[in-house]
Amino acid sequence: MEILEKLKNRERLSYEDGLKLYELDLFTLGKFANKIREEINGKKVYFNVNRHINPTNLCADVCLFCAFSSHRKNEHAYTMSHEEIINIVDDTVKRGTKEIHIVSAHNPNVTWQWYLDIFKMIKEKYPFLHVKAMTAAEVDFLRRKHGLSYEEILRTMVENGVDSMPGGGAEIFDEEVRKKVCNGKVKSDEWLEIHRIWHSMGKESNATMLFGHIEERCHRIDHILRIRAVQDEAIKNKKGGFNAFIPLVYQRNNNYLKIDKFLGSVEILKTMAISRLMLDNVAHIKAYWATSTINLAMVAQEFGCDDLDGTIEKESIQSSAGAASSHGTTMKDFIELIKTSGFIPVQRDSLYNEIEVY
């Protein structure tokens, strides 16, 4: 079988190859994906000690898959004060948090300076904290609202303390699918361009893919290959790049997509393994436990993944749609779970520098 020969020879895989991978059985995929995973990262399973903060859920956009955002007449809409945010940071720093992960809805009522003051406030008080903030979707919203260029926004983010960008807002890059699930949000080419610019500044980011809703396998392969192409550019330019790819499992509660059939574990694991096989230029594939459950994320470490994300502490976006992640998990639980699964727990920083091997 030609695809098996390509896998054995470690040839770069095409779009057509990606579709053929789905035809293979799960354990064949797992064998090849795990081999690459072990060549790159051995038996290590990475995690970090992080705190998610979602400063506002009031949103100008209406994405059908989203259960987190609220609108003007929603009694549950909120916008945190800067004092509330810094109180959260003060509290989490006491528990050894290394990263503050800040992602918000697209609030039409707050200023660009409101965001900048958040970053600056955290960085000035805790210069050792890594601030990961602003999805490409948020950057695009700010461009449209304030008439700024992507370059101006990204440069100002850095000047005010943002260290890296999360990978949110990518969803699925196919524009026909985007029209149905997140019409009006950042377009796929714009999302990719924002990350290109960020990389050209010598900065690193993550990339995500939301799967398990109305998309098809072909859309997933197309999405992965677009990420690979942008990573090729970063490597060629020797600047920045994606440090991890995160296949996010769609959560079906409390939103307007009305997906009745949920993906089975086999399809989820196949997609994660294929991500590892197709993305030959991205060092880490993350099984984000907040969307896949901690148990399946742990199984995914045998199918090409090498990261679980972090302790999170408080998570609002995925848990709003049914994920069991609202209160995060503990470092102790992470370490015990990884060890009993036969792997080596590694606490990392946000850019995959190893802090401690357990």
Side-chain angles (χ1 to χ4, degrees), residues 7 21 24-52 95-99 101 206 208-209 211-212 243-249 251 262-279 282-313 315 318-319 322-358:
L7 290 172
L21 289 176
L24 298 175
D25 69 273
L26 175 62
F27 295 104
T28 298
L29 278 174
K31 180 182 75 172
F32 285 105
N34 187 60
K35 184 178 179 184
I36 294 173
R37 178 245 201 271
E38 291 196 349
E39 286 177 8
I40 299 172
N41 298 301
K43 298 291 286 185
K44 294 175 179 178
V45 171
Y46 294 94
F47 69 93
N48 70 346
V49 181
N50 62 346
R51 175 55 149 96
H52 283 217
R95 289 185 293 279
T97 292
K98 303 291 192 301
E99 172 191 288
H101 183 124
N206 287 338
T208 62
M209 175 179 72
F211 73 104
N243 56 36
F245 178 67
I246 313 164
L248 299 171
V249 183
Q251 306 297 304
F262 202 51
L263 281 190
S265 298
V266 170
E267 187 74 5
I268 292 170
L269 290 172
K270 275 191 171 187
T271 300
M272 291 182 172
I274 289 168
S275 299
R276 176 67 285 164
L277 294 168
M278 299 292 292
L279 286 171
V282 176
H284 303 282
I285 306 294
K286 183 185 295 186
Y288 184 45
W289 70 268
T291 67
S292 64
T293 75
I294 190 68
N295 291 329
L296 190 60
M298 209 56 244
V299 174
Q301 306 303 304
E302 303 269 11
F303 290 84
C305 296
D306 61 277
D307 189 285
L308 294 171
D309 191 67
T311 51
I312 296 175
E313 285 199 344
E315 195 281 324
Q318 303 297 337
S319 57
S325 54
S326 60
H327 298 296
T329 189
T330 67
M331 187 165 72
K332 181 175 178 287
D333 288 344
F334 255 160
I335 292 169
E336 288 181 358
L337 184 62
I338 294 166
K339 281 186 173 180
T340 57
S341 300
F343 290 95
I344 301 168
V346 180
Q347 185 188 163
R348 59 167 175 83
D349 68 11
S350 304
L351 303 180
Y352 286 88
N353 299 301
E354 295 184 5
I355 295 172
E356 188 167 355
V357 179
Y358 297 89

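When a residue number appears, it is its place in the shown sequence, counting from 1.
Here the closest non-hydrogen pair linking R37 and C305 is NE-O, 2.9 Å. Considering all non-hydrogen atoms of both residues, D25 and K270 come closest at C-CE, 4.2 Å. In terms of heavy atoms, H284 sits closest to N243 at CD2-O, 3.3 Å. Minimum heavy-atom separation, S275 to P247: OG-CG, 3.8 Å. Scanning all heavy atoms of the two residues, the minimum distance from A300 to M272 falls at CB-SD, 3.6 Å. Closest non-hydrogen pair, S341 versus E302, comes out as O-OE2, 4.5 Å.
By the 4.5 Å heavy-atom criterion applied to side chains, W289 and F47 are not counted as neighbours. For the pair F303 and L26, the minimum side-chain heavy-atom distance is below 4.5 Å. In this structure the side chain of T28 never reaches within 4.5 angstrom of the side chain of L7, judged on heavy atoms. A 4.5 Å side-chain heavy-atom check between N41 and D307 finds every atom pair outside the cut-off. Inter-residue side-chain proximity for D349 and K98 is flagged as unmet; no heavy-atom pair is nearer than 4.5 Å. Residues T311 and R95 are not in side-chain contact: their nearest non-hydrogen atoms beyond the backbone lie 4.5 Å or more apart.
One distance of note links CD of Q301 with CG of N34; it measures 10.0 Å at 0.5 Å rounding. With rounding to the nearest 0.5 angstrom, the CG atom of L248 is 5.0 Å from the OG1 atom of T291. The distance from the CD atom of Q347 to the CZ atom of F334 is 11.0 Å, given to the nearest 0.5 Å. The CD atom of E99 sits 9.0 Å away from the CG atom of L351 when rounded to the nearest 0.5 Å. Atoms CG and CD1, from L29 and I274 in turn, are 5.0 Å apart once rounded to the nearest 0.5 Å. Remark: E356 CD to M331 CE distance equals 7.0 Å, nearest 0.5 Å.
By the side chain to side chain donor-acceptor pair (under 3.5 Å) test, N206 is found to be paired with no residue, residues two or more places apart in sequence or in another chain being considered. Qualifying ring pair (Phe, Tyr, Trp, His ring centres under 6.0 Å) partners for F343, counting only residues two or more places apart in sequence or in other chains: none.
Counting non-hydrogen atoms of neighbouring residues, nucleotides and ligands closer than 6.0 angstrom, the OH atom of Y358 exceeds 12 such neighbours.
Within the 3.5 Å criterion, the main-chain N or O of L279 finds a donor-acceptor partner in the side chain of R276. Counting only distance, with no hydrogens or angles, the side chain of D306 and the backbone of I285 share a donor-acceptor pair below 3.5 Å.
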Working for side-chain contact (heavy atoms from CB on, under 4.5 Å), residues I268 and F211
CA-CA 9 Å; I268 292 170; F211 73 104; 4.2 Å; yes
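Ring geometry for H101 against H52 counts as parallel: the plane angle stays under 30°, on a 0 to 90° scale with 60° as the upper cut.
For residues 285-297, the salt bridge (charged side-chain N to carboxylate O under 4.0 Å, His left out) pairs, not counting sequence neighbours, are K286-D309.
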